[in-house]
Amino acid sequence: MICCEFMWKSGGEDLQGFYPVRSECQADVPRTRFKSRAGKTLSSRRWHTAFTEDGHLDMERVLRRIQRGGIHPSIKGEVWEFLLGGYNPDSTFEERSKLRNHRREQYYAWKEECQKMVPLVGSGKFVTMAVVAEDGQPLEEYSVENQEWLVKTAITDKRVLQWMLVLSQIGLDVIRTDRYLCFYESESNQARLWDILAIYTWLNPDIGYVQGMNDICSPMIILLENEADAFWCFERAMRRLRENFRTTATSMGVQTQLCMLAQVIKTVDPRLHQHLEDLDGGEYLFAIRMLMVLFRREFSFLDALYLWELMWAMEYNPNKFASYEEPENRNNSSEQDPRLLKQYGKFERKYIKNGQNEQHNTLAVFVVASVLETKNKRLLKEAKGLDDVVQILGGIAGNLDARKACKEALKIHEKFLRKANSRK
């Protein structure tokens, strides 16, 4: 293994140094396109000057910067906490400090609860093999080699058993997660990822753990040094994404977004939609991965983060924090005040202007649509079956520009709204 350390740089220097890649993996990793652009990218200096003396944040100014040029890697984590609705921009430094401390205490209380059931939680170790039989009975120790910990007595609580049974799957996914990054050469860093996913799974038995959550959580671990802060950032991201991961015996949660995607393509490009339907691809199942893990496979690590923050900034709604923390006291009247529209991201703003405050399409759906549109000619000409569709779309890995993808997504969104409204 090649030992690497983070190289914290500033200005226009090599940003890849923030997330160093193992030397033996560099040839297999998509090249990074994102560059910090003076006057456009949200820099550390611009970020800190956006706060008043007591801590109120000028979110309008911050969103404008992010939407123009992303966030410098040195401050991504702390900015994401606001973008995802973790903190109220209108709060003070003191108020946020109290909330942060409260959340950390809450997280470590949950961690201690999980640790009492499985001592490996918080130990710097994790499991990749079953710790209990599916019927709740202890496993025979001689049948499991090199296992760090095993259940000693029968587990009768269904929730506890359900949780314990998935811990090994989380472990298997952890060792596959971003393994080309030097950061995950450290077992302790892998264990932090496992801990957060295990604790989140325990707290959310209705969703449980689904493969792909590891890809969403990994950047939080890397960007935020404090494990509790990383957990809460992941929890906020999952508020937006959790329904995609909800699965039953007959359906997947992401099907809702796939139906939205079908509706968008049918509206803006009926010829392409018909062609995909003729190939039995009208359900758009080939787009599942893009929507589930937000294009992590289609971009380099840094470019994926850039795409995420662009989408989150464009979708930003200043009421998110209140809706998460105090849903019963949420006041939507401000959404009708035109003076406050600039506090919304440009994507969200269009819905507010149209008086559509209810659940609506996410920007990710339109980003997928923009990807399909860039391959429109090839799909129409060369795709004779679904395998061809998958192959053509597979060729986009490492060849997409996040900023252009979002720009085209906004154009498609505008076209979709225009055509949809004309039919009313």
Side-chain angles (χ1 to χ4, degrees), residues 1-8 16-26 28-29 73 76-77 104 107-108 110-132 139 141 143-152 163-203 209-235 237-238 293 296-297 300-302 304-305:
M1 293 287 187
I2 307 296
C3 292
C4 302
E5 296 180 355
F6 282 104
M7 298 174 285
W8 298 100
Q16 189 59 51
F18 283 86
Y19 318 108
V21 174
R22 292 165 52 185
S23 59
E24 67 270 27
C25 299
Q26 289 186 6
D28 302 320
V29 175
K76 279 187 188 292
R104 287 178 177 178
Y107 173 73
Y108 289 114
W110 287 331
K111 188 172 185 178
E112 184 178 352
E113 180 183 359
C114 291
Q115 198 170 35
K116 288 178 180 178
M117 295 182 285
V118 177
L120 281 182
V121 175
S123 70
K125 302 285 186 180
F126 61 97
V127 295
T128 57
M129 299 175 67
V131 298
V132 65
L139 295 167
E141 290 197 33
S143 67
V144 185
E145 297 181 3
N146 302 318
Q147 184 66 296
E148 294 284 351
W149 180 83
L150 291 171
V151 165
K152 304 297 183 184
W163 177 65
M164 287 183 171
L165 287 172
V166 82
L167 294 179
S168 58
Q169 182 58 56
I170 296 176
L172 288 171
D173 287 344
V174 162
I175 61 176
R176 301 185 190 111
T177 304
D178 296 326
R179 55 187 173 187
Y180 57 87
L181 294 177
C182 295
F183 181 84
Y184 283 117
E185 288 184 308
S186 163
E187 186 182 13
S188 64
N189 286 337
Q190 290 181 318
R192 287 172 62 211
L193 178 57
W194 184 79
D195 284 347
I196 287 179
L197 290 169
I199 293 167
Y200 181 84
T201 303
W202 169 248
L203 296 172
Y209 173 78
V210 180
Q211 192 174 58
M213 291 181 179
N214 52 310
D215 292 298
I216 303 299
C217 187
S218 173
M220 318 303 182
I221 297 286
I222 295 172
L223 297 178
L224 293 161
E225 185 176 352
N226 184 281
E227 185 180 311
D229 296 344
F231 169 85
W232 284 106
C233 195
F234 171 63
E235 192 272 345
M238 286 300 296
V293 298
R296 282 296 313 273
R297 302 291 189 275
S300 70
F301 183 79
L302 182 53
L305 306 195

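Numbering starts at 1 and runs along the sequence shown.
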Do [X] side-chain atoms and [Y] backbone N/O form a donor-acceptor pair below 3.5 Å?
{"X": "Arg22", "Y": "Arg179", "answer": "yes"}
{"X": "Trp110", "Y": "Tyr200", "answer": "no"}
{"X": "Asn214", "Y": "Val174", "answer": "no"}
{"X": "Trp194", "Y": "Ile175", "answer": "no"}
{"X": "Arg192", "Y": "Ile222", "answer": "no"}

query = Is it the case that more than 12 heavy atoms not belonging to Gln26 sit under 6.0 Å from its CD atom?
reply =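 Yes, because the 6.0 Å sphere around CD of Gln26 holds more than 12 heavy atoms from other groups.
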
message = We want to know whether Tyr107 and Asp229 form a side-chain donor-acceptor pair, criterion being a heavy-atom distance below 3.5 angstrom.
response =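 Side-chain D/A pair, Tyr107 to Asp229: absent.
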
request  = Evaluate side chain to side chain contact (heavy atoms under 4.5 Å, CB included) for Tyr108 paired with Glu227, printing each intermediate quantity in order.
outcome  = CA-CA 9 Å; Tyr108 289 114; Glu227 185 180 311; 4.0 Å; yes

inquiry  = For the CG atom of Asp195 and the NZ atom of Lys125, what is their distance to the nearest 0.5 Å?
reply    =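 It comes to 13.0 Å.
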
Counting C-beta onward and ignoring hydrogens, is there a side-chain heavy-atom pair between [X] and [Y] closer than 4.5 Å?
{"X": "Glu187", "Y": "Phe126", "value": "yes"}
{"X": "Val118", "Y": "Val127", "value": "no"}
{"X": "Asp178", "Y": "Phe301", "value": "yes"}

inquiry  = Please evaluate residues Cys217 and Leu193 with respect to the criterion side chain to side chain contact (heavy atoms under 4.5 Å, CB included), reporting the C-alpha separation (whole Å), side-chain torsions for both, the decisive distance (0.1 Å), and the verdict.
reply    = CA-CA 7 Å; Cys217 187; Leu193 178 57; 3.6 Å; yes

task = Evaluate the criterion side chain to side chain contact (heavy atoms under 4.5 Å, CB included) for residue pair Phe18 and Leu305; output intermediate values, then yes/no.
result = CA-CA 12 Å; Phe18 283 86; Leu305 306 195; over 6 Å; no

request  = Answer yes when Arg176 and Asp173 have at least one side-chain N-carboxylate O distance shorter than 4.0 Å, and no when they do not.
outcome  =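 Looking at Arg176 and Asp173, the cut-off is met.
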
